[in-house]
There are 2 protein chains.
Amino acid sequence: MAQRQGRYRLRRKTVLASGAFDLLHYGHLAFLQEAKKAGGKNAKLIVLVARDKTVEARKGKRPVVPEDQRRALIEALKPVDEAILGFEDMNYEAVITKLKPDVIAVGYDQLDIKRSVEEIVRRKGLKIKVYEAKKFSADEIDSSSKIKKRVIELESGNT
Amino acid sequence: MAQRQGRYRLRRKTVLASGAFDLLHYGHLAFLQEAKKAGGKNAKLIVLVARDKTVEARKGKRPVVPEDQRRALIEALKPVDEAILGFEDMNYEAVITKLKPDVIAVGYDQLDIKRSVEEIVRRKGLKIKVYEAKKFSADEIDSSSKIKKRVIELESGNT
């Protein structure tokens with residue numbers, strides 16, 4: 001997280017985004033591209049990938065793809081500078097203290113995360129911008145639930 | 001596809017890989033990383049993404065994710081320089097003539113493509129290396145069929 005400062009060089013902003021990113025799809029990519037853009041030119045995008053246990057606790061179901069593979073795929077995406085696994089208890093305050101982001105980007109479907117982050121930012125008097133990403137067009141496969149639904153439809157229609 | 005030649009610059013090799021890449025997973029990424037490596041230093045990796053119609057004709061089922069989104073996700077991966085949609089009739093000879101790759105990388109599960117490519121290379125007397133990628137560890141989610149199976153298991157166990 002080296003940040004160079006100089007007469008001709010603006011400080012590089014760090015953007016933090018997070019998610020489970022199970023069954024990687026175009027909606028994830030569009031979200032991460034938008035998140036990076038929210039940090040301005042040369043922004044660094046760090047992505048926090050939720051642990052298997054966190055996903056299970058939040059959604060009542062294990063993710064299809066194990067955490068190490070979800071993390072590796074996210075880090076292999078061009079807009080992503082670094083992908084790290086979350087803390088097992090999904091403690092956002094600790095994450096923010098450790099990574100010191102300038103911007104936290106949340107997806108249109110992450111309003112619970114948005115509320116927690118805004119509460120932490122206000123309570124601790126931090127200078128962090130909370131950016132809410134847009135929803136994509138309805139034609140796109142933009143959620144893992146849609147993918148799961150389509151898998152089941154296609155498989156049951158053909159076997 | 002600019003190729004610079006000079007006293008201190010080796011010609012950059014072009015590697016061609018192809019696939020459907022439906023439900024993007026870690027096995028796809030590992031294959032593409034290995035494919036790029038097969039072209040040596042600074043290789044350019046072009047990925048041919050199969051059309052929806054081609055997938056349907058070959059596998060009897062439409063892919064879960066539409067072709068444009070499969071292509072965009074593949075092109076967003078760090079090892080990939082360019083991702084293009086296949087020709088509708090999946091004519092490999094036309095692809096090879098057009099893209100002039102130095103190396104064609106095939107997955108361990110693409111032996112039919114390997115055979116066709118080798119036949120074209122032999123018949124036309126081309127200087128193309130055909131590289132067969134290794135299979136990954138059995139622990140990894142390395143095929144779309146495994147993902148589909150897991151989706152159905154997890155969904156049916158929890159609803």
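Everything numeric here is computed off the predicted structure, so don't read it as measured data. Naming convention: chains lettered A, B, ... in sequence-line order (proteins, then strands); numbering from 1 in each chain.
For A:L29, the part lying under 4.5 angstrom from a heavy atom of chain B is the side chain only.
A:L24 approaches B:L73 most closely through the heavy-atom pair O-CD1, 3.8 Å. Taking all atoms of both residues into account, the shortest heavy-atom contact from B:E75 to A:K78 is O-NZ, 2.5 Å.
Cluster annotation: B:V103 is connected to B:L77 through the hydrophobic network of ILVMFWY side chains, with a link wherever side-chain heavy atoms come within less than 4.5 Å. Taking hydrophobic clusters as Ile, Leu, Val, Met, Phe, Trp and Tyr residues chained together by side-chain heavy-atom distances below 4.5 Å, A:L111 does not share a cluster with A:I104. Using a 4.5 Å cut-off between side-chain heavy atoms of Ile, Leu, Val, Met, Phe, Trp and Tyr, with links allowed through other members, A:V55 and A:V65 fall into different hydrophobic clusters.
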